[in-house]
There are 4 protein chains.
Amino acid sequence: MTDQPSPPRGRPRDPKSHAAVLDAAFTVLEREGYAATTIERIAAQAGVAKQTIYRWWKGKAPLFMEVLARKANQSVQLPDTGSFQGDLTALLTGTFAAVSTTLRPLMRALAVELLQDEEFAGAMRDVFVQRRRANVRALVQQAIGRSELPVDTDVELVCDLVFGIMWYRLMFDHAPLDKCAARQIACAATAAAVQNNV
Amino acid sequence: MTDQPSPPRGRPRDPKSHAAVLDAAFTVLEREGYAATTIERIAAQAGVAKQTIYRWWKGKAPLFMEVLARKANQSVQLPDTGSFQGDLTALLTGTFAAVSTTLRPLMRALAVELLQDEEFAGAMRDVFVQRRRANVRALVQQAIGRSELPVDTDVELVCDLVFGIMWYRLMFDHAPLDKCAARQIACAATAAAVQNNV
Amino acid sequence: MTDQPSPPRGRPRDPKSHAAVLDAAFTVLEREGYAATTIERIAAQAGVAKQTIYRWWKGKAPLFMEVLARKANQSVQLPDTGSFQGDLTALLTGTFAAVSTTLRPLMRALAVELLQDEEFAGAMRDVFVQRRRANVRALVQQAIGRSELPVDTDVELVCDLVFGIMWYRLMFDHAPLDKCAARQIACAATAAAVQNNV
Amino acid sequence: MTDQPSPPRGRPRDPKSHAAVLDAAFTVLEREGYAATTIERIAAQAGVAKQTIYRWWKGKAPLFMEVLARKANQSVQLPDTGSFQGDLTALLTGTFAAVSTTLRPLMRALAVELLQDEEFAGAMRDVFVQRRRANVRALVQQAIGRSELPVDTDVELVCDLVFGIMWYRLMFDHAPLDKCAARQIACAATAAAVQNNV
DNA sequence: TTCTAAGCGAGACGGTACGTCCAGTCTTCGT
DNA sequence: ACGAAGACTGGACGTACCGTCTCGCTTAGAA
């Protein structure tokens with residue numbers, strides 16, 4: 001029994017408007033900051049009616065979630081340098097490069113939303129956070145396979161360690177997220193993973 | 001020559017209003033969530049005119065900063081268990097207890113603000129963040145004194161590791177900040193600190 | 001080439017809101033007096049958002065100007081009793097009847113505004129004042145046509161005399177604007193018009 | 001037995017403040033218009049506390065009433081040119097000179113108040129309006145004494161005619177209040193007074 | 001072709017909160 | 001007791017967005 005999602009009747013969604021809204025959202029966010037990023041401004045910037053935004057997104061949060069998806073969809077191919085620390089350094093270098101430039105305003109914006117809306121926090125967690133954590137988990141499994149890390153390594157703690165620092169620096173801006181940071185954090189994570197006699 | 005800050009003229013600030021606003025801010029935040037916490041509602045709850053709030057605070061951000069100061073001013077006395085890991089576990093246990101209960105809504109609220117306002121982010125960093133980091137720094141110094149940790153331990157990284165995870169869990173709520181978490185994080189931090197051959 | 005005032009786009013103005021605001025303005029004015037007649041109260045009384053008032057009127061002054069236009073739009077048909085004094089008495093009797101009852105609060109309200117705003121005073125002068133003066137001017141021309149008044153009668157002075165007294169009594173309330181007043185003023189105006197050897 | 005109005009105790013009223021307020025009121029009124037003439041601005045301009053104004057006056061209305069009293073207190077000495085029309089022309093010339101220059105903003109300001117407050121309207125009527133009308137009444141009596149006008153001349157109507165036009169022109173500014181106007185109005189008033197066969 | 005359904009730009013609508021201003025009152029210190 | 005300073009409650013201001021609701025006009029597949 002196929003689940004027919006009803007035959008598409010009426011005028012189909014205009015892909016130009018769709019794209020224009022996503023672009024406008026990002027543009028306004030970058031130019032004016034999130035506090036000034038209202039639906040009205042996005043609509044104006046996109047040359048689109050407000051209703052067209054509300055028709056397709058419930059609010060700013062899901063809209064920016066899609067913007068982030070657009071910008072961050074390039075599937076990361078996992079590195080394999082031979083050592084866990086090397087792999088992690090490579091992964092984080094790439095991640096941090098994106099996160100500290102293009103994605104930075106987006107992630108901060110989404111953080112604002114998820115801090116105020118439990119439901120949206122759940123959605124974000126299930127989509128973006130898990131995706132990134134999965135990469136690290138994979139590296140850990142790889143290292144366990146190589147017997148580089150103990151089988152009972154606390155994977156979640158390693159993930160928390162890595163992404164905790166990342167978000168912390170994204171929020172407070174007190175230290176950079178550059179290549180050097182990637183190396184240091186990978187080192188710390190490795191040490192923590194190895195010595196995981198909880 | 002003492003710096004006389006001008007003799008106090010006019011009617012002095014009413015301490016009752018002052019306290020009522022701080023209490024009301026916290027009450028409304030807890031009861032209705034930060035999204036619904038408007039200046040108007042706080043004023044109504046406090047039985048105070050809006051102007052009285054605007055006279056003393058520039059907006060919600062500085063107001064809640066003072067609320068947090070009130071709630072978090074109890075000076076933590078540093079533990080001395082004999083080992084760095086023990087000390088850190090003790091410190092974090094106390095910190096997490098506060099942060100995951102009373103302070104939780106406050107810290108999330110302030111995060112919302114600092115993510116949208118660079119200037120306020122700076123203020124928060126200089127006051128609260130530094131205060132908490134100072135505690136950890138002190139423990140690290142203690143441990144270095146005991147030759148438990150190398151003299152060139154990367155103190156800042158240790159701090160980032162600890163508070164990164166704390167904020168990360170505060171934001172996404174994907175794991176608790178309980179006694180067990182304190183122990184695990186202390187363990188990871190110790191491992192990272194010892195093995196700090198950057 | 002007709003002057004196309006642009007095709008109407010977007011949702012058209014809601015005539016119900018329009019009427020509700022005008023009615024509410026009048027109601028509140030009558031019930032609470034002009035000092036208490038705020039835009040907010042009018043909006044509340046009309047069951048309308050404040051913005052809907054500000055969208056269509058610049059402030060209380062133009063709003064009440066339209067209210068007055070509504071109430072006073074019945075075109076007066078000029079009397080023709082055979083004598084100037086009779087005509088004027090008839091005209092003033094009708095005018096005073098309206099002005100001392102329904103229109104009274106409106107005219108006082110508009111006076112408040114025009115006394116504080118030169119620009120609005122100009123608008124009022126060009127619309128309402130001129131309309132009323134035109135009636136008297138027409139009567140004077142009629143009388144000149146009948147050789148009842150000299151050709152060089154100072155029409156403007158006659159208008160000033162008549163409406164001067166009307167406004168003066170509207171302001172200070174020291175004497176009525178009834179049928180008797182109409183007769184007396186018509187008599188005085190006639191005497192002044194005849195004897196106009198400046 | 002002297003009527004001691006209670007022995008003056010405490011610090012007596014500061015005449016400098018008193019004068020400063022009156023001056024400031026007039027200054028602000030002239031410089032910024034009545035709409036912008038708030039008690040706060042007057043107090044600031046006078047270098048006086050708001051309370052000092054509220055202690056001595058109930059509001060703007062009575063305050064400006066006193067300002068007007070200051071400016072208009074020069075007792076007019078009634079002219080006696082031999083004819084009613086001449087006398088009236090002389091009186092009005094002087095009155096109009098003051099009313100169309102210095103007193104203009106004050107009278108418009110007071111008109112705003114009395115239009116919104118019946119009680120204050122009464123006060124104004126009993127003081128200023130009556131004072132001015134008394135002058136005209138005296139001229140009429142003089143003329144009756146000279147048998148220039150009938151004994152049953154409608155004095156009140158003559159007053160209304162004269163001051164009606166004056167206020168009307170003050171409000172709408174459609175015609176000047178100059179010497180010429182005085183002459184014309186005196187002429188019209190005389191004609192109306194003579195022909196007063198009501 | 002005509003009909004029907006939905007998308008779309010435009011913009012009015014009822015609301016809510018903003019941050020400011022002023023009204024009047026109250027409280028403190030100094031004269 | 002008066003006066004200057006200025007904090008206080010209260011309430012209206014005019015503006016900005018929210019999210020919803022008509023409008024007239026496409027733009028498609030179905031009849």
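First the proteins, then the strands, lettered A, B, ... as listed; each starts at 1. All of these numbers come straight from a predicted model, not from anything done at the bench.
Residue Ala46(D) comes nearest to Ala20(D) through the heavy atom pair CB-O, 3.6 Å, listed as atom of the first residue, atom of the second, then distance. Taking each heavy atom of Ala111(C) and Met171(D) in turn, the nearest pair found is CB-CE, 3.6 Å. Contact detail for Val28(B) and Ile42(B): the closest heavy-atom pair is CG2-CA, 4.4 Å. The two atoms that bring Gly59(C) and Ile39(C) nearest to each other are C-CD1, 4.4 Å, heavy atoms only. Closest approach of Leu110(B) and Met65(B) over heavy atoms only: CD2-N, 3.7 Å.
Near-neighbour residues of DNA chain F inside residues 50-59 of chain D, defined by a heavy atom below 4.0 Å, number-ordered: Thr52(D), Arg55(D), Trp56(D). Taking a 4.0 Å limit (strictly below) on heavy-atom distances, residues 29-48 of chain C reaches DNA chain F at Thr38(C), Ile39(C), Glu40(C), Arg41(C).
Ring centers of Phe64(A) and Phe26(A): at least 6.0 Å apart, outside the cut-off.
If you walk DNA chain E from 5' to 3' and mark each nucleotide with an atom closer than 4.0 Å to a heavy atom of chain B, the marks span dA17(E) to dT28(E).
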Take nucleotides 25-31 of chain F nucleotide by nucleotide from the 5' end and write B, S or -, depending on whether a protein heavy atom sits under 4.0 Å from the base, only from the sugar-phosphate, or from neither.
-BB----
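Screening residues 38-48 of chain B for side-chain hydrogen bond (donor to acceptor under 3.5 Å, both in side chains) gives Arg31(B)-Gln45(B), Glu40(B)-Lys50(B) as the qualifying pairs, with residues at least two apart or on separate chains.
With sequence neighbours left out, Asp117(C) forms a salt bridge (Lys or Arg N to Asp or Glu O under 4.0 Å) with no residue at all.
Figure legend: cation-pi geometry between Lys60(D) and Phe120(D) absent, as NZ or CZ is not positioned both under 6.0 Å from the six-membered ring centre and within 45° of its axis.
When the C1' atom of dC8(F) is taken as reference, atom CG of Asp14(B) falls 8 Å away, rounded to whole Å.
The closest donor-acceptor contact from the side chain of Thr27(B) to the backbone of Asp23(B) lies under 3.5 Å. For the pair Thr37(A) (side chain) and Gly33(A) (backbone), a donor-acceptor distance under 3.5 Å is present.
Residue Leu115(C) holds its CG atom at 10.5 Å from OH of Tyr34(D), rounded to the nearest 0.5 Å.
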